[in-house]
There are 2 protein chains.
Amino acid sequence: MDQIRIVIADDHPLYREGVARTLSEDAGLLVVGQAQDAPGAVELTERMTPDLLLLDISMPGGGGLQALRQVMALPNPPKVAMLTASEEDDEVMQALKAGALGYVLKGVGSRELVGIVKDLARGQSYVSPSLAGRLLAAMRGGQKAKAANPLEDLSKREEEILRLVAEGKSNKEVGLALDLQEKTVKHYMTSILQKLHLRNRVEAAVFAREHLR
Amino acid sequence: MDQIRIVIADDHPLYREGVARTLSEDAGLLVVGQAQDAPGAVELTERMTPDLLLLDISMPGGGGLQALRQVMALPNPPKVAMLTASEEDDEVMQALKAGALGYVLKGVGSRELVGIVKDLARGQSYVSPSLAGRLLAAMRGGQKAKAANPLEDLSKREEEILRLVAEGKSNKEVGLALDLQEKTVKHYMTSILQKLHLRNRVEAAVFAREHLR
DNA sequence: GCTGCCTTCGGACTTTAGCCCGTTTTCCGG
DNA sequence: CCGGAAAACGGGCTAAAGTCCGAAGGCAGC
């Protein structure tokens with residue numbers, strides 16, 4: 001049986017090193033390339049046509065999610081696993097929706113990683129346990145799988161107002177900034193809170209900080 | 001000349017591995033221990049009395065900053081460098097104020113790290129360039145060096161309340177959660193806003209999200 | 001041409017938030 | 001022992017936030 005050909009993309013040289021060496025120690029695995037940014041990852045994947053791409057989410061040059069989408073658009077896309085420190089449900093969702101086979105937190109042990117990589121290469125998906133639980137919960141709560149971003153429900157104006165609220169502005173100040181009546185801003189707030197299933201402007205501000213921009 | 005004895009603390013096994021191997025390849029350096037959490041780092045440092053401690057900031061069991069303070073309180077504290085992905089000015093400040101000699105971002109290259117480690121062992125401080133600039137700016141802006149955190153002004157209770165506010169809770173809900181009168185919570189809010197120079201609870205929530213963990 | 005959604009506003013509310021006056025208890029340092 | 005800060009509470013008040021009515025023009029799709 002052939003070796004599993006792997007490309008690693010991570011902007012931290014030392015972490016990349018750790019992963020590469022750990023995987024290389026297993027006879028069944030072969031690291032055929034390393035990239036340090038999103039464009040590099042796409043380019044390398046295209047050139048090396050690996051079986052598996054380990055992709056960090058937080059990378060310069062567009063971020064791992066964008067790289068994921070580009071890689072999946074290639075003629076013979078490899079299996080892709082996101083390897084990341086982030087636990088944002090949102091990003092997990094987006095990554096899996098975009099075609100990632102696995103989502104592995106950077107805290108994994110070396111021994112574990114080798115096992116996971118082999119599973120992934122066989123087409124077996126993998127999501128780190130601590131995430132898996134919350135993922136399932138999110139799906140149960142959100143019915144089918146649309147939980148990605150309720151932000152899309154917001155109109156242009158609503159989003160604009162939400163941004164200002166997230167900066168700590170009062171309704172009156174938002175009105176002043178956008179040349180609207182305070183009353184109108186209040187109406188928008190009500191609608192924003194309803195659409196995002198939030199209870200008050202503090203929750204809205206926090207939500208905006210974490211999901212907007 | 002003796003080798004430089006180093007302890008590495010990081011909760012990511014793979015990253016730890018990468019650092020350890022990179023450093024070990026240099027004849028002048030000797031990795032004498034690895035820890036994966038804050039208490040472990042303190043304990044290991046106490047037992048091994050290394051020359052240098054490389055400390056990750058985000059670690060289970062209290063976080064790297066706490067470990068830093070404990071380590072510095074030891075009879076013969078090693079030189080300590082924070083090794084982290086975080087770029088929070090706040091944390092850099094706190095770390096340096098607590099006695100860290102260096103603040104190295106995880107994005108460093110292997111070759112660089114070896115050089116930096118040797119500098120540190122000689123007592124030469126080091127702060128990653130991208131941070132150094134902003135640090136100086138912060139100091140110029142904040143006069144002397146007090147810019148660390150206005151959070152220290154908050155009493156225990158105030159901080160507790162701020163956390164709940166940052167979750168979107170109303171004064172009444174905070175009162176319910178902490179078994180206080182709504183009125184009391186309002187009083188605390190007034191005092192919190194005053195101390196942090198903020199105008200309303202939305203700003204407080206945003207502030208808390210960015211400066212409180 | 002009708003049906004929606006977006007944008008904008010007004011009236012009339014109720015509920016929260018925030019400030020300024022106080023008081024009491026406790027606890028800690030000089 | 002006294003001062004000061006923290007912790008908790010109360011009254012009274014103004015302003016801000018949020019909700020529920022309704023309404024009007026615009027622009028898109030069917």
Side-chain angles (χ1 to χ4, degrees), chain A residues 142-143 146-213, chain B residues 69 73 94 146 148-213:
Chain A
Q143 261 124 312
K146 59 127 218 175
N149 59 341
L151 268 177
E152 281 169 6
D153 295 344
L154 294 188
S155 73
K156 225 172 294 175
R157 209 43 159 172
E158 287 166 344
E159 188 177 320
E160 202 171 354
I161 284 167
L162 179 54
R163 279 178 205 282
L164 296 178
V165 169
E167 288 171 17
K169 285 192 163 55
S170 69
N171 289 331
K172 190 181 291 180
E173 289 167 332
V174 171
L176 228 54
L178 300 181
D179 199 32
L180 295 176
Q181 292 306 113
E182 179 187 353
K183 205 53 197 289
T184 306
V185 178
K186 284 188 174 187
H187 284 311
Y188 277 118
M189 262 321 284
T190 299
S191 142
I192 290 169
L193 294 179
Q194 221 166 295
K195 286 188 180 176
L196 301 182
H197 309 291
L198 302 174
R199 297 184 306 150
N200 56 52
R201 60 175 41 224
V202 176
E203 287 191 359
V206 169
F207 180 91
R209 293 257 155 191
E210 292 182 351
H211 298 91
L212 227 57
R213 152 173 15 293
Chain B
R69 297 202 181 88
Q94 286 191 251
K146 58 125 216 175
N149 57 343
L151 271 176
E152 279 172 8
D153 295 345
L154 294 188
S155 71
K156 224 169 298 174
R157 208 47 157 170
E158 287 166 344
E159 190 177 318
E160 201 170 355
I161 285 167
L162 179 53
R163 278 177 206 282
L164 296 178
V165 168
E167 289 171 15
K169 285 192 162 53
S170 70
N171 290 331
K172 191 183 291 182
E173 289 168 333
V174 171
L176 227 53
L178 300 182
D179 199 32
L180 296 176
Q181 293 305 114
E182 180 188 353
K183 204 55 196 285
T184 306
V185 178
K186 283 185 172 188
H187 284 310
Y188 278 119
M189 259 327 279
T190 299
S191 143
I192 290 170
L193 294 179
Q194 221 167 299
K195 287 186 180 177
L196 300 182
H197 308 292
L198 302 174
R199 297 184 305 151
N200 55 54
R201 58 174 43 223
V202 177
E203 287 191 359
V206 169
F207 181 92
R209 292 259 155 189
E210 289 181 352
H211 298 94
L212 230 55
R213 72 211 78 277

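In what follows, chains are A, B, ... by sequence order, proteins preceding strands, each numbered from 1.
Counting heavy atoms from C-beta outward, A:Val185 and A:Leu178 have side chains that stay 4.5 Å or more apart. B:Arg157 has its side chain within reach of B:Glu160: a pair of non-hydrogen atoms, C-beta onward, lies under 4.5 Å apart.
Straight-line distance from the CG atom of A:Asn171 to the P atom of D:dG18: 6 Å, rounded to whole Å. Atom CD in A:Glu160 sits about 12 Å away from atom C1' in C:dT7, given to the nearest Å. In this entry the distance linking CG of A:Asn200 with P of C:dA17 reads 7 Å, nearest Å. Between the CG atom of B:Leu162 and the P atom of D:dA7 there is a distance of 14 Å, rounded to whole Å. Between A:Met189 atom CE and C:dT7 atom C1' the separation is 17 Å, expressed in whole Å. The CD atom of A:Gln194 sits 15 Å away from the C1' atom of D:dA17 (whole-angstrom rounding). To the nearest angstrom, P of C:dA17 lies 11 Å from CD of A:Glu203. Residue B:Leu198 contributes atom CG, which lies 14 Å from atom C1' of C:dG18 at whole-angstrom precision.
A distance of 13.0 Å separates CG of A:Leu164 from OH of A:Tyr188, quoted to the nearest 0.5 Å. The distance from the NZ atom of A:Lys186 to the CG atom of A:Leu180 is 14.0 Å, given to the nearest 0.5 Å.
Nearest-nucleotide assignment on DNA chain D puts the 5′-proximal partner with B:Lys156, out of A:Val202 and B:Lys156.
Within the 4.0 angstrom heavy-atom criterion, only backbone atoms of the sugar-phosphate kind lie near A:Ser170; the bases stay farther away.
Near DNA chain D, defined here as any heavy-atom distance below 4.0 Å, the residues from residues 173-188 of chain A are A:Lys183, A:Lys186, A:His187, listed numerically.
A donor-acceptor contact shorter than 3.5 Å links the side chain of A:Asn200 to the backbone of A:Glu203.
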